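Structure record follows, encoded as structure tokens.
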Amino acid sequence: MTRPAKDFFAPLAVGAPAPPREIPARPSRAIHFFDPGNAKMAAKVPDMVGTVDVLLGNLEDAVKAENKEKSRQGLVDIGKATDFGPTQFWTRINSLDSPWVLDDLTTLVPEIGDKLDVIMVPKVQGAEDIHYVDRLLAQLEAKAGLDRPILVHAILETARGVANIEEICAASPRMQGLSLGPADLAADRRMKTTRVGGGHPGYLVRQDPVRDDLGVPQYDSQRTSYQQDLWHYTIARMVDACAMHGIYPYYGPFGDIKDTVACEDQFRNAFLLGCVGAWSLHPAQITIANKVFSPSVEDVAHARRVIAAMGDGTGAVMIDGKMEDDASVKQCQVMVALAEELAAIDPELKKQYDAISADGEVQA
Ligand SMILES: CC(=O)SCCNC(=O)CCNC(=O)[C@H](O)C(C)(C)COP(=O)(O)OP(=O)(O)OC[C@H]1O[C@@H](n2cnc3c(N)ncnc32)[C@H](O)[C@@H]1OP(=O)(O)O
Ligand SMILES: O=CC(=O)O
Ligand SMILES: [Mg+2]
């Protein structure tokens, strides 16, 4: 059950920092995963600061059971030694039913809680999982004397989690967002796939058969098929639940590292539907996510043009043969607000967006 409104923003432990009233819209186009116990990956982290919006030290899946402690200690060392500047520092802890998670939280919060922005919790099933983490974090924050609450991000990767999506988003004022976890979700749903995210050539619709002059369908005629998006339903649910609760939705992992084209397509679908970012598993995917989750110059120029033409934002105007009104101007405001947030942290994008005048003209 959700706490009564009067208690919702009260700290859950005496001396813990007050939970946030609003989740800041910090750019997080790529959440870049690294294994802090892998010396080669860990060595790259300091140079990645400033080149990626989020650096996430992963302690869960993809870290071997025998390396859990090494990875946790590696994360503490990196957290202490690194000045993250504009880059957010997140971790993915082990799942709540694992033998490692308690040590994850009781080690990380006192050691590097002042550096951690967000804790990603895997395999969240319902509000009860968030309540558990919420209370424990408050106790640990109070004990460590932290003055800023650590935010919580849930991975949607079980059928039960999807069914309970709204209550998960509403479970705590710490909730920062949700990521799609397509690999675990596929297993939990008993989907007949063997991939980490992305599409599947078997999931398609086919054009109707051509009919002969008598209207008889020719089933062996040449027919185009169209691959469909396995993840559309879940992402759409996630986007609505997050928007309703003022938190942020993300596409998760795309495992086919070499298929940069399909990765870009999958990320772009998520961007168009309302996601703010995706995971990057390999440095090559940071570039893809940064590109896809940044509005194009053309879109920002069009948006500024509509906003300028719409004046106080009410009424209807024609631009390039299309009607724009109170509703489309709001979409344009979303686009321009995102461009402004990104320009504040990305000098290259700032240059590109600054070349667009307030009424949408792009200067050469
Ligand atoms: C379903 C889920 O839970 S998804 C989330 C969990 N999974 C992960 O976090 C996976 C993270 N990524 C990885 O483990 C690796 O990228 C792999 C296994 C996919 C590929 O690794 P490799 O085969 O070493 O890739 P590749 O040879 O292209 O690496 C090139 C360099 O980039 C480094 N590198 C690879 N991935 C990363 C990363 N995520 N972060 C930082 N550096 C990396 C490699 O160490 C290598 O360094 P080197 O040039 O000093 O030797
Ligand atoms: O953790 C991510 C997933 O796809 O599973
Ligand atoms: Mg998973």
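Predicted, not measured: the structure shown is a model, and the values here were computed from it. Just follow the structure's listing: the first ligand is 1, and inside any ligand the first atom is 1.
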Contact region, Arg92 to ligand 2, non-hydrogen atoms below 4.0 Å, reads side chain
Among the N/O/S atoms of Asp184, the Mg ion (ligand 3) lies closest to OD2
| query | Is there a protein heavy atom at a distance of less than 4.0 Å from atom 29 (O) of ligand 1? | reply | yes
Any ion pair linking Arg72 and Glu111 (charged N to carboxylate O, less than 4.0 Å)? no
heavy-atom search around atom 4 (O) of ligand 2 in the protein gives Ala183 N, 2.7 Å
Contact with ligand 2 for Pro182, non-hydrogen, under 4.0 angstrom: yes
Within 4.0 Å of some non-hydrogen atom of Ala62, the atoms of ligand 1 are 6 (C), 7 (N), 8 (C)
Polar atom proximity, Pro283 to ligand 1 (N or O, under 3.5 Å):
no
Would you check if there is a donor-acceptor pair between the side chains of Arg29 and Ser294 at a distance under 3.5 Å? yes
Q) Could any protein non-hydrogen atom be found less than 4.0 Å from atom 44 (C) of ligand 1? A) no
Are Asp53 and Arg26 within salt-bridge range, i.e. N to O under 4.0 Å? no
Quiz item: Is Glu157 in polar range of ligand 2, meaning some N or O pair under 3.5 Å apart?
Solution: yes
Going by the 4.0 angstrom heavy-atom rule, the piece of Phe33 near ligand 2 is neither
Between Asp359 and Arg305, is the closest basic N to carboxylate O distance under 4.0 Å?
no
**Asked** Below 3.5 angstrom, do we get any N/O pair linking Ile257 and ligand 1?
**Response** no
*Are Ser28 and Tyr250 linked by a side-chain donor-acceptor pair shorter than 3.5 Å?*
yes
Of all protein heavy atoms, the one nearest atom 49 (O) of ligand 1 is Lys44 NZ, 3.8 Å
query = Thinking salt bridges, do Arg160 and Glu128 make one under a 4.0 Å N-O criterion?
reply = yes
Quick look: Lys258 vs ligand 1, heavy-atom contacts under 4.0 Å, and the answer is neither
How about atom 38 (C) of ligand 1: does it have a protein heavy atom within less than 4.0 Å? yes
(message) Strictly below 4.0 Å, N to O, side chains only: are Arg174 and Glu141 in salt-bridge contact?
(response) yes
Below 3.5 Å, N or O to N or O, backbone or side chain included: is there any such pair between Lys40 and ligand 1?
yes
* To do: Flag this pair as yes if the NZ/CZ of Arg206 is under 6.0 angstrom from the six-membered ring centre of Tyr226 and inside a 45 degree cone about the axis; otherwise no.
  => no
So the atoms of ligand 1 within less than 4.0 Å of a heavy atom of Arg92 turn out to be 3 (O), 5 (C), 6 (C)
- Task: State, without any angle test, whether Asn94 and Asp104 hold a side-chain donor-acceptor pair at a distance under 3.5 Å.
- Result: yes
Taking only non-hydrogen atoms of His32 and a 4.0 Å limit, the atoms of ligand 1 in range are 38 (C), 39 (N), 40 (N), 41 (C)
Only one of Asp184, Thr234, Thr158 passes side chain to side chain donor-acceptor pair (under 3.5 Å) with Arg189, and that residue is Thr234
| query | Under 4.0 Å between a Lys/Arg side-chain N and an Asp/Glu carboxylate O for Lys123 and Asp97? | reply | no
- Task: Please indicate, with yes or no, if any protein heavy atom is found under 4.0 Å from atom 23 (O) of ligand 1?
- Result: no
**OP:** Scan the protein's non-hydrogen atoms and note whether one is under 4.0 Å from atom 17 (C) of ligand 1.
**Re:** no
Within the 4.0 Å heavy-atom cut-off, what Glu60 brings close to ligand 1 is neither
So for Pro253 against ligand 2, with non-hydrogen atoms under 4.0 Å, the contacting part is side chain
